[in-house]
Amino acid sequence: MRWDNLGNLGESPSALFGTDVVSRTIDTPEFRGITFHEVRARSIVNRVPGASRMPFEWTVNPYRGCSHACVYCFARKTHSYLDLDTGQGFDSQIVVKVNAPELLRRELAGQRWRGDHIAMGTNVDCYQRAEGRYQLMPGIITALRDYANPFSILTKGTLILRDLALLQQAAEVTDAGISVSVGFLDRELWRTVEPGTPAPERRLDVVRTLTAHGIPCGVLMAPVIPFLGDAPEQLRATVRAIAEAGAKSVTPLVLHLRPGAREWFLAWLEHHHPYLVHRYRTMYGDGAYAPTWYQRRITRQVHQFAAEFGIGPARTGAARKIPSTEAVPGPTGAPGEDEPRSPAGPTQLTLI
């Protein structure tokens with residue numbers, strides 16, 4: 001395994017990890033089959049590659065690999081940089097930056113740090129199951145709170161509710177945003193395409209709970225999966241549930257298939273929905289994105305349903321403070337650091 005390549009794409013050589021790696025396989029029900037590779041990072045605040053065109057410049061990612069096991073996750077390619085499998089290996093071989101909280105505190109205190117917005121959950125989910133064991137996020141949020149540094153979090157994990165009090169404290173001193181990812185309600189689709197995640201209704205319970213405690217959040221409706229989750233009645237039901245959960249915004253994102261994720265998703269499709277393989281190959285061709293006309297159709301329909309139920313799409317701009325009406329959505333995963341948006345403009349994800 002090339003531990004000398006553990007730095008994220010876009011990091012400088014000085015940000016690479018050391019070679020003192022501890023690997024643990026935990027044989028308990030919640031972690032069965034998962035191996036944790038504990039590393040000490042040399043840097044934790046990562047610059048987004050210049051070509052990304054993301055509206056934020058810095059990210060913090062305490063984990064690599066993700067037990068959520070979403071078959072479409074476009075962070076899968078990053079595991080190949082470590083000589084790890086991008087399929088099952090991505091789901092079960094989790095790299096843990098065990099010194100993330102202390103390292104973040106040190107970097108925030110540095111004279112060169114200017115207090116820029118930091119996005120989390122844009123690579124893999126920082127509230128995946130590993131967080132229940134390693135508990136890195138409380139220290140990370142505490143450091144951001146103590147330095148009044150603006151931040152945003154995107155998650156599918158219900159574990160974020162553990163840190164409710166810290167999020168409320170951070171909101172008193174800095175700009176922040178929370179967004180939950182819910183692309184569809186179909187339970188059979190969820191069980192096969194997102195097998196390691198909490199059920200969609202549980203994620204909506206997170207939205208409901210955060211809102212009830214004065215922390216409004218948006219929903220990233222992602223991914224909208226062609227031919228399986230894109231019928232108008234499916235979109236309408238999902239938007240309605242999002243509105244009923246109290247979300248302040250909804251932003252749709254159509255499935256995209258980058259190298260690494262593309263192969264794994266098409267293998268899943270061949271097993272579960274073989275009649276759709278040809279349609280997908282035709283729709284996506286050799287590229288990562290669905291056609292612009294299709295993306296715009298989905299976006300238009302979701303926005304129409306959002307207006308019907310009294311919520312709207314996230315607006316472009318700076319990260320908002322948690323007590324405001326907007327939150328910060330982001331992609332569900334990323335190659336290296338963060339995924340460039342498609343030139344399709346409003347049909348792709350807008351981060352605020």
Side-chain angles (χ1 to χ4, degrees), residues 3 6-22 24 36-48 54 56-66 94-155 157 159-179 215 318-322 328 330 334 336-338:
W3 292 111
L6 274 171
N8 287 332
L9 183 65
E11 291 176 345
S12 66
S14 65
L16 298 179
F17 299 163
T19 56
D20 52 335
V21 179
V22 176
R24 306 181 192 273
F36 297 112
H37 304 290
E38 300 173 359
V39 301
R40 296 191 64 82
R42 296 180 184 174
S43 178
I44 197 65
V45 181
N46 307 313
R47 185 186 291 273
V48 177
M54 284 293 177
F56 52 80
E57 190 176 358
W58 303 96
T59 63
V60 165
N61 296 297
Y63 302 100
R64 292 190 68 160
C66 187
I94 311 300
V95 178
V96 184
K97 304 173 189 179
V98 293
N99 62 333
E102 62 200 74
L103 191 54
L104 175 61
R105 183 171 290 275
R106 188 175 75 195
E107 293 185 25
L108 294 179
Q111 292 184 349
R112 299 177 64 182
W113 180 247
R114 302 300 183 186
D116 294 330
H117 176 90
I118 291 176
M120 293 175 283
T122 60
N123 187 21
V124 299
D125 202 318
C126 47
Y127 283 105
Q128 61 176 286
R129 276 183 286 166
E131 175 61 16
R133 173 179 173 84
Y134 289 95
Q135 301 185 47
L136 301 180
M137 287 302 292
I140 289 172
I141 296 172
T142 298
L144 293 165
R145 178 202 66 188
D146 291 350
Y147 284 91
N149 201 99
F151 67 91
S152 61
I153 298 173
L154 169 69
T155 186
L159 190 57
I160 191 173
L161 295 180
R162 179 201 62 194
D163 298 335
L164 177 60
L166 281 173
L167 293 171
Q168 291 173 314
Q169 293 167 19
E172 294 299 319
V173 297
T174 190
D175 291 346
I178 308 297
S179 190
I215 304 179
R320 309 298 205 270
K321 192 168 183 176
I322 282 179
V328 182
E337 262 315 297
D338 294 291

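Applying the side-chain contact (heavy atoms from CB on, under 4.5 Å) criterion to Leu161, with sequence neighbours excluded, gives Val206, Thr209, Leu210.
Within the structure, salt bridge (Lys or Arg N to Asp or Glu O under 4.0 Å) contacts touching residues 133-146 (residues at least two apart or in different chains) are Arg105-Asp146.
When every heavy atom of Gly121 is checked against every heavy atom of Asn61, the shortest pair comes out as N-OD1, 4.4 Å. Nearest heavy atoms, Pro101 versus Leu136: CG-O, 3.4 Å. Of all non-hydrogen atoms in Lys97 and Asn46, the two that sit nearest each other are NZ-ND2, 4.3 Å. In this structure, Pro150 and Gly115 approach most closely via the heavy-atom pair CD-O, 3.5 Å. Smallest separation of non-hydrogen atoms from Leu103 and Ala41: CD2-O, 3.3 Å.
Asn149 places a side-chain N or O within donor-acceptor distance of the main-chain N or O of Asp116, the cut-off being under 3.5 Å. Judged purely by atom type and a 3.5 angstrom limit, Glu131 has no side-chain atom pairing as donor or acceptor with the backbone of Leu159. Formation of a donor-acceptor pair under 3.5 Å by the Glu107 side chain with backbone atoms of Ile44 is found in this model.
Leu167 CG to Glu172 CD: the interatomic distance, rounded to the nearest 0.5 Å, is 12.0 Å. To the nearest 0.5 Å, the span separating CD1 on Ile160 from CG on Leu154 amounts to 9.0 Å. A distance of 7.5 Å separates CD1 of Ile153 from CG of Asp163, quoted to the nearest 0.5 Å. To the nearest 0.5 angstrom, Tyr127 atom OH is 7.5 Å from Met120 atom CE. One distance of note links CD1 of Ile140 with CG of Leu166; it measures 11.5 Å at 0.5 Å rounding.
Counting heavy atoms from C-beta on, the side chains of Ile118 and Leu108 come closer than 4.5 Å. Annotation: side chain of Val48 is not in contact with side chain of Thr122 (no heavy-atom distance under 4.5 Å). Within the 4.5 Å cutoff, the side chain of Trp58 has heavy atoms near those of the Arg47 side chain. Between Thr155 and Met137 there is no side-chain heavy-atom pair separated by less than 4.5 Å. Using a 4.5 Å heavy-atom threshold, the side chains of Tyr63 and Tyr134 count as touching. For the pair Thr174/Leu144, no side-chain contact is recorded, criterion being any heavy-atom separation below 4.5 Å from C-beta on. At least one side-chain heavy atom of Ile94 sits less than 4.5 Å from a side-chain heavy atom of Gln128.
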Any chance you could lay out the side chain to side chain contact (heavy atoms under 4.5 Å, CB included) test for His37 and Arg64, step after step, and finish with the verdict? CA-CA 10 Å; His37 304 290; Arg64 292 190 68 160; over 6 Å; no
